[in-house]
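Letters go in sequence order (proteins before strands), and every chain restarts at 1.
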Amino acid sequence: MRLPPFTLHRPRELGELLELLARYGDDAAVYMGGTELLLIMKLGFAEPGHLVDAKSIPELGELHVSADRLAIGAGVTHRRIERHHDVQRALPVLVDLERRIANVRVRNAGTLGGNLCFAEPHSDPATLLTALDAEVELAGPAGRRRLAVADFILGALSTALDPGEVLTHVHVPVPGPDTLVGYERIVFTERPAATVAVVRGPAGARVVVGALGPRPMRVPHAEMRLVEDDIDAAVEATSSAVADTDTEPGADYRAHLAGVLLRRAWSAATANALSVPGAAAPTKQG
Amino acid sequence: MRVAGRSEVRLDIVDKVTGAARYASDAVVPGMAHAALVRSTVGHGVLRGVDTAVALAAPGVHCVVTMADFPDVDPFYGEWVRDQPFLARDRVRFIGEPVAGVVADTEEHAHAAAALVVPDIEPLPVLGSAVESLAAADLVIHPDRASEDPELPNVCYRSSFEYGDVDAALAEATYVHDATYTFPAVYHYAMEPHAVLATWSSDGLDVISGTQQPFKVRADLARIFNVPLGQVRVRAPYVGGAYGSKGQSKYEPVTAAMARAAGRPVRLVISIGDAFHTVSRHHATIRMRTGIGPDGGIVGRDTVITYDTGAYADKGPRVARKGAYRAAGPYRIPNIRSVGLSVYSNRVPAGAFRGFSTPQVVWAGESAIDEIARHLGVDPLGYRRQHLKRRGEPFLGDDSPLDADLAEGLGVTAEALGWGSSVPTGRGRGLAVGVKDGGGGAARSEAEVRLHPDGSVEVLAATSELGQGAKTVMGQIAAEVLGCQLADVQVRLSDTAVTPFDRGTNASRSTIGVGAAVERAAEGVRRQVCQAAEEVLGISEGLILDGSDIVVGEHRQPLMELVCASRKLPPEEIGAYSATGFSGNPTGSGPLGAAAAFYEVGYSAAEVEVDPETGQVRISRFVSAADVGFAINPAACEGQDEGATVMGIGHTLLEELEFVDGELVNGTLVDYRVPRTTDLPDDFRSILIQNRDGPGPFGSKGAGEGGLLAVAPAIANAIADATGVRIRELPLTPERVWRAIQPVEPQES
Ligand SMILES: Cc1cc2nc3c(=O)[nH]c(=O)nc-3n(C[C@H](O)[C@H](O)[C@H](O)COP(=O)(O)OP(=O)(O)OC[C@H]3O[C@@H](n4cnc5c(N)ncnc54)[C@H](O)[C@@H]3O)c2cc1C
């Protein structure tokens with residue numbers, strides 16, 4: 001449980017960061033809050049010779065809120081998001097989620113970018129951001145590109161980051177007043193045991209289940225049922241989708257939980273909507 | 001009383017809050033080197049050798065030791081059964097067992113070199129639990145030790161108690177309740193992991209260790225290294241929590257061995273991850289059969305408890321014996337048979353843990369009583385009150401008479417919860433009582449009190465300050481008896497070269513044992529002062545000490561003058577008044593070989609809310625009552641009671657060390673979940689019962705374990721009340737509860 005030796009680098013701008021990553025290749029790791037990275041290094045699961053601390057790169061610390069989107073730099077901590085008044089106004093469900101992540105020590109150091117790049121299957125934000133159709137912006141030797149969060153997280157601890165590439169921003173569309181958003185989690189140990197996000201807008205619905213598989217899972221059947229305003233059927237579809245993919249002991253319980261969480265997330269979404277004047281109210285409730 | 005009975009601020013609070021308090025891991029001595037241990041990654045195997053060559057050549061390394069370096073020592077320790085070598089000798093028996101030690105100039109070098117040591121282990125099949133090792137006929141974990149049971153080679157210890165004719169009673173009973181309960185292995189989680197600093201010199205062996213039992217450690221070290229007791233010094237500075245995990249020897253022998261080999265002082269500080277692999281609470285399976293007579297009375301109880309003691313005995317044999325003794329519980333039952341088995345497996349050794357064997361048997365007994373009451377269709381409170389033993393009846397056999405009014409105490413607890421009033425929908429209520437013979441059997445405690453001529457007082461008492469507040473309470477006892485201010489009392493921490501003998505800070509015994517010795521020593525000092533006052537002033541009635549003065553009636557005078565006048569010496573030559581005191585609980589009568597010094601009683605009552613959709617249990621209200629005889633420091637007593645309750649909530653709802661083939665798979669604080677503030681009951685009350693009927697100073701009894709004993713059954717009984725469903729397996733995780741409350745229990749896929 002001790003940190004292996006490493007060299008620490010502190011680039012001041014993005015170009016320098018990419019250069020260092022190119023130079024040290026596999027032997028380098030981006031170091032943001034270190035809440036995951038240092039832990040796995042202490043456990044002996046990773047031994048990078050070079051840690052590249054990207055916290056002082058101004059671009060990565062940006063946090064912009066406009067009428068229709070949030071742009072969150074990869075170096076923005078959970079704590080900054082949860083205390084940000086504009087984020088609270090634009091996307092209260094995200095602030096609510098951020099407040100419940102881990103504990104204040106982890107949130108003070110840990111970043112949203114680090115959370116997504118680590119791709120731990122029990123991530124809260126990954127579930128919600130997938131449902132919101134959020135995107136990540138990446139920069140690397142081949143330039144910049146954007147990817148949907150759903151395409152960025154490939155599996156447990158696996159992302160679409162190419163060698164030498166970094167995440168620079170997370171772009172989150174702000175749902176309009178005619179869109180309902182809800183999120184629920186259940187926690188037994190340290191990280192959530194199951195998470196569910198639901199989004200219902202004029203263009204359709206999203207139901208995403210997290211923590212029950214290697215990556216957030218969309219449930220198209222449940223989405224269809226939601227579009228038909230049949231929450232009971234959506235709950236059932238969500239449970240079946242988990243039951244179909246989870247083969248570990250206790251899968252029936254987890255499948256059931258996913259359904260319970262969807263129902264609760266939906267109630268929260270509709271309750272939120274009712275409390276916002278002018279927002280859409282559902283026509284039928286389960 | 002002026003000082004005793006008040007919630008005095010702790011004497012160590014400022015140092016602890018500011019970080020000035022020094023723990024074993026803070027100790028530094030000149031020339032000190034650092035150690036790291038190499039631990040087995042194999043759960044069971046033959047240790048064929050250890051290749052240390054590469055590690056020896058690593059930077060900063062002073063030496064690398066294995067058991068082969070200590071042919072002259074007797075490396076074994078353990079209570080009653082000495083089976084654990086300080087480094088593995090020819091076998092490894094659990095993952096995490098130390099096989100070699102590295103001493104280097106820095107901690108970093110020591111750990112880097114430890115990774116280069118290569119043990120050569122030929123794996124043997126792993127016995128992953130007591131169930132597996134009981135079934136294994138020809139795979140023996142300690143082949144060189146005779147088993148306690150001729151047919152079961154992996155039994156470490158067996159203990160039984162029998163009164164009356166259980167078989168006949170159960171045969172004649174109108175109803176026999178027969179159930180098996182399980183209790184998980186859990187981790188102590190002392191915030192400070194084990195830390196030891198050992199130094200050899202021509203004065204002998206000097207050890208600084210965060211231990212609960214400095215004198216026991218001294219005896220172990222003297223035996224292992226063949227050194228006279230007078231040449232072994234063990235100091236226990238502040239200890240950052242223990243809960244049983246720092247009793248008897250832990251890492252003191254191996255650190256002393258490394259220091260001897262290195263020829264310099266050696267410091268070993270382990271991590272939380274290693275502490276997870278040091279000692280745990282026993283997993284237990286309890287089969288309990290209880291016979292009920294036609295009038296509803298309990299006619300017999302037959303219990304078999306299987307404690308999984310892991311790879312080494314540690315305190316397991318004693319745990320099995322005490323557990324068997326306490327299994328029948330505090331009820332009037334004419335026919336009793338209890339068997340306690342301590343069984344080896346290739347798990348982390350299990351030893352002492354707050355409550356010492358009792359939470360396991362109270363879990364079974366108090367669940368069973370509730371099940372029986374419900375079966376009979378009677379109120380569980382009323383049923384208990386009817387059949388609980390009365391004050392003055394022996395707990396078992398010819399043991400000391402009960403010194404508590406159990407029915408009354410349980411009634412007070414139930415009333416505080418609102419027992420009998422209507423229960424809010426979705427909720428349920430449950431209660432339970434746990435009784436443990438306190439004080440830990442035969443033992444002697446000694447203490448010394450010194451009153452200096454300037455009015456300041458020193459108390460020398462070998463109670464380890466584990467965070468429980470012993471330092472303050474010892475000071476309050478001395479101040480009360482001497483008639484001085486608490487602020488003038490200095491209580492010294494344990495040091496076997498300075499503080500008189502005590503057997504150890506465990507079994508809720510310090511206040512009644514060491515505290516009584518302090519009381520007597522202080523009385524001795526007071527007698528000397530009063531005698532001097534009689535001689536010099538002609539009066540001593542009502543004498544008190546006020547700073548540097550004595551006050552007798554209207555008369556006030558510096559103590560210094562009194563001492564000078566009485567001893568006929570100048571101020572710089574007069575010395576101090578000092579006296580020693582002792583208290584003892586001798587061997588003799590009682591089924592355990594020594595009469596119980598007192599009975600530690602814990603009452604728990606819970607109101608819970610079960611989420612039918614997820615199985616999550618919320619403790620809406622909780623009342624805990626502790627029978628402390630007299631609370632010398634009420635805030636400290638409440639702290640102990642509440643802390644014990646929260647620890648109990650841990651094994652009830654959350655905690656379980658999970659082993660797969662002997663490997664601990666959740667041995668980190670991220671994976672192993674202990675209670676947090678958010679898990680506290682919404683409404684949480686602690687009641688102190690004070691009848692001044694204990695053997696300790698001012699009628700006090702021991703405290704600290706009682707609050708934990710009955711938590712699990714109280715909560716399970718409340719869940720049964722809320723849902724109609726009985727769960728006999730801890731912890732009561734959401735999944736377990738959800739499964740239990742399904743109309744048709746779903747099969748695990
Ligand atoms: C005790 C604990 C409890 C937790 N509980 C929760 C919880 O309840 N819910 C939840 O969602 N999460 C939880 N987490 C996860 C937490 O959110 C993450 O640890 C944190 O957000 C990671 O951010 P970081 O800045 O510390 O990442 P780091 O540890 O610095 O980095 C993590 C990984 O991502 C890489 N990386 C980081 N930033 C970039 C980048 N910009 N580009 C490319 N690669 C990058 C690093 O190289 C590393 O591999 C918990 C973590 C802990 C330790």
(Q) Nearest 0.5 angstrom please: A:H256 NE2 to B:E613 CD, how far? (A) 6.0 Å

Q: Measure distances from A:V106 to the heavy atoms of chain B and classify the residue's part below 4.5 Å as side chain, backbone, both or neither.
A: neither

Q.
If I measure from the heavy atoms of chain A, does B:L653 come under 4.5 Å with its side chain, its backbone, both, or neither?
A. neither

**Q.** pair B:R739-A:D252: side-chain heavy atoms closer than 4.5 Å
**A.** yes

Q. Do A:F188 and B:E735 come close enough that some side-chain heavy atom pair is under 4.5 Å?
A. no

Q | Minimum side-chain heavy-atom gap B:Q616-A:I186 below 4.5 Å | A | yes

Q. When rounded to the nearest 0.5 angstrom, what is the spacing between OH in B:Y672 and CD in A:E190?
A. 14.0 Å

Q: Please name the pair of heavy atoms, one in B:T614 and one in A:Y253, separated by the smallest distance, quoted to 0.1 Å.
A: O-OH, 2.5 Å

Q. Say you draw a straight line from OG1 of B:T668 to CG of A:L43; how long is it, rounded to the nearest 0.5 Å?
A. 7.5 Å

**Q.** Short N-O contact, B:D611 and A:R264, less than 4.0 angstrom
**A.** yes

Q. If you check every heavy atom in residues 723-731 of chain B against those of chain A, which residues fall under 4.5 Å?
A. none

Q: Against chain A, label B:D274 side chain, backbone, both or neither, depending on which of its atoms sit under 4.5 Å from a heavy atom there.
A: neither

